[in-house]
Amino acid sequence: MIWEHCPKAAYAEYAVRAVKKHEKANAALSKLYLLPSLILQSAIVRLPPPLMTPPANDQQSLKDEIADLERRLEDAKARLSPNSAIEQVSTPTTDAALHALLLLSDSALPLGSFAFSSGLESYLAHHRPSPPSASQLPSFYTFLRLSLSTLASTALPYVLAGYRRPEDVETLDNDFDASTPCTVARRASIAQGRALLAVWDRSFKTQYSKTSAANGASNGGVHGGHSNAMESLSTFSAALRTSSDINAHYAPLWGLVSRVLAVPLREVAYLFLFSHARTVISAAVRASVMGPYQAQSVLADAELQDRIRGLVEEGWNRAVEDAGQSVPVMDLWVGRHEKLYSRIFNS
Amino acid sequence: MSFTSPFAPSTAKAGCGTIELAVLPPDSPVLRNVTYQYPLKLVAPDPLPPPEQHADPDTPRLIHAVFLLTYGGGIVAGDSIDLGVKLEGGTSLVLLTQGSTKIFKTLDPTVVSRQRMTVHLAATAALVYLPDPVQPFAHTAFAQSQIYHLENEGGSLCACDWVTSGRSARGENWDIHEYKSRNEVWATDVTGKKRLLLRDNLILDKHGRTGTQLAERMDSYSVFGTLIIRGAVFSTLSQHFLHEFEALPRIGGRNWGDTAEHELTPMEQKRALRQHREKEDGLIWSAANVRGFVLVKFASRDVEGSRNWLRDMIKEEGSILRSFGERAILCLK
């Protein structure tokens, strides 16, 4: 993404030169420091050539990337001297982010997500096992994989964009609405989006307005981006009551609210996919596909972790314009939920 | 004094084409402009009057049709086609293909063939685009986009976009590198401001971490399609799709024998017959009314299943045949 504006050949040449230069310098370093320097190296390769200034819309993703690289450097350093890591005291900033993350990941967060199966119920109705007593587990695993893939390709770009460009939230909301092809999915997304907005208005707003004001006073505008996000959220929330064009879809709002709560973006994206997996798995328990212990083991599974991490990686630089359906039959399952004879979920 | 050439400047860009429909006063729609460059070819047969003339002066006296062809009947790796269509108010166009759009294999998966169509519809113009499906062969990379711009949210549109799993006779089953198809409808107002009304973007590639072959995420369907309907001209057609979706039997429902059997009306007989065929062809579909559109999604086990179903649905309702002629559904025969 960063390199879009720069000729490929020049980039390659520059990268090679940068690596070579750095390798010479590295030769002098002891083996002990090799790990952090490797990370630095990758940072240098990715930095733009001196004369190029990236366009404004890339600035945020660049910032995110720098933050991520710094975090990885910290991690690597911590691994070098394990003792210091244990003794490391937590800072108020990381604690605040962790606190917000726990708030958002709580299944008691009143979003009403338990009412939606995201197509699982319809999928199971379309794949009746024969004989009827046979286990539906294998088809459930397929569904979970497909469902996560769909969510990552359709909604995740909007989460990332809502976080990175709070001022665009109304456009994102409109475009997400335009990209949601069926009534059932639309209803589910809007119900949860509005619930999230209500939680913000009634529960989080007081606390986080205070934090923002305090930060603004002490840092002299360093947190300008943060209060900007809060402003966008307030404007959006007010506009929802007056305009009929605004829907309040879940994905862009999830990004925006977590921006205001100052949760790091990578964790926001991870949590978005994880929450979806949890919702689908919990729906599976209630649809008698599996028991609660098995559900927890699916959630804890390293394969799920791996998949979510991979999906976040894949979608990290995907523009909202390129969001789209990767599992076309999913639209049909979700859309045909309305045609089920008996239903226990809203989607 | 400068000399101005009496000839239009030549736009000899490979794969580019334009179609422009205008109204010759007082009320004759004419093809003002049809240009194309290899590998794209456009064929415009004589316009025909619609079978049913309305008293309404807004309905055009002549319906134009244009065939979109490619040399060799398909798109070779690296080809890029770019078609611009512009319909003035009071004109109607039927866009057709001659057989499925075949996508030939690429040796290098990063070489993506492209086809782009940009359509501008004036407020009272109408477009019917019911082509044959796209048929990407094994080892192909293809991306297409159909972008429709509606002036002041007006204009009537009935466009289908469908894709098959490849040459099933040769055992091909979604063995493609990559397939992307994007349908977007934008509203433009007088000031030129644009607003996205609909985006239907299908992305089939190696991403998604499903850990399986592409074929496995298609749930053994070989055809996927989307039908986008909007505008006053197609209002009865969109109603028909919504009604029929409503009338589909409930999934998992049972006949408890407590409803009295009654004599079926001719309409109900047709419906029962079609639903029976849907079941036999393994066809599933859904229709939704979103943002002023009726969006129909369908999938079937083989091409003919979808083709027959689409044709039956459109024929049953009949308004397209009445106002655009038999030619409009030529690709569904």
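Side chains are part of it too, since the values below use all heavy atoms of this structure and drop only hydrogens, waters and symmetry mates. The model shown is predicted, which means the values in this text are computed figures rather than measured ones.
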Crowded around [X] [atom1]? As in, over 12 foreign heavy atoms under 6.0 Å?
{"X": "A/R343", "atom1": "CZ", "result": "yes"}
{"X": "B/H139", "atom1": "NE2", "result": "no"}
{"X": "B/E304", "atom1": "CD", "result": "yes"}
{"X": "B/K279", "atom1": "NZ", "result": "no"}

Quick check for you: to the nearest 0.5 Å, what is the distance between [X] atom [atom1] and [Y] atom [atom2]?
{"X": "B/L196", "Y": "A/T171", "atom1": "CG", "atom2": "OG1", "result": "10.5 Å"}
{"X": "B/K297", "Y": "A/M330", "atom1": "NZ", "atom2": "CE", "result": "13.0 Å"}
{"X": "B/I203", "Y": "A/S149", "atom1": "CD1", "atom2": "OG", "result": "9.5 Å"}
{"X": "B/S286", "Y": "A/K339", "atom1": "OG", "atom2": "NZ", "result": "11.0 Å"}
{"X": "B/E184", "Y": "A/E321", "atom1": "CD", "atom2": "CD", "result": "8.5 Å"}

Which pair of heavy atoms, one from [X] and one from [Y], lies closest together, and at what distance?
{"X": "A/P328", "Y": "B/L204", "answer": "CD-CD2, 3.9 Å"}
{"X": "A/C182", "Y": "B/A288", "answer": "CA-CB, 4.0 Å"}
{"X": "B/L295", "Y": "A/P181", "answer": "CD2-CB, 3.4 Å"}

[Y] backbone acceptor or donor facing [X] side chain under 3.5 Å:
{"X": "B/R217", "Y": "A/S326", "answer": "yes"}
{"X": "A/R307", "Y": "B/R209", "answer": "yes"}
{"X": "B/R250", "Y": "A/E338", "answer": "yes"}

Looking at B/F293, B/Y221, B/W285, which makes the most heavy-atom pairs under 4.5 Å with chain A?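 Answer, by heavy-atom pair count under 4.5 Å with chain A: B/W285.
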Among B/D205, B/L248, B/N201, B/L202, residue most engaged with chain A (heavy-atom pairs, under 4.5 Å): B/N201
Max heavy-atom pair count under 4.5 Å with chain B, selected residue of [options]:
{"options": "A/G324, A/S122, A/A178", "value": "A/A178"}
{"options": "A/V327, A/T142, A/D177", "value": "A/D177"}
{"options": "A/L146, A/D175, A/L148, A/T183", "value": "A/D175"}
{"options": "A/L332, A/T180, A/V329, A/V334", "value": "A/L332"}

Which answer fits A/A125, side chain, backbone, both or neither, if we ask what part of it has an atom under 4.5 Å from a heavy atom of chain B? both
Which region of A/S153, side chain (C-beta onward) or backbone (N, CA, C, O), has a non-hydrogen atom less than 4.5 Å from a non-hydrogen atom of chain B, or is it both or neither?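 Neither the backbone nor the side chain of A/S153 comes within 4.5 Å of chain B.
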Whatever's closer than 4.5 Å to a heavy atom in chain A on B/L198 counts as both
Per-residue contact mode, B/F298 against chain A (heavy atom under 4.5 angstrom): backbone
Is the shortest heavy-atom distance from the side chain of [X] to the side chain of [Y] under 4.5 Å?
{"X": "A/R186", "Y": "B/V290", "answer": "yes"}
{"X": "A/Y341", "Y": "B/I251", "answer": "no"}
{"X": "B/R291", "Y": "A/N174", "answer": "yes"}
{"X": "A/R336", "Y": "B/I284", "answer": "yes"}

Just by distance, with hydrogens left out, do A/H127 and B/D219 show a side-chain donor and acceptor under 3.5 Å apart? yes
Taking 4.0 angstrom as the limit, do B/R182 and A/D322 come out as a salt bridge? yes
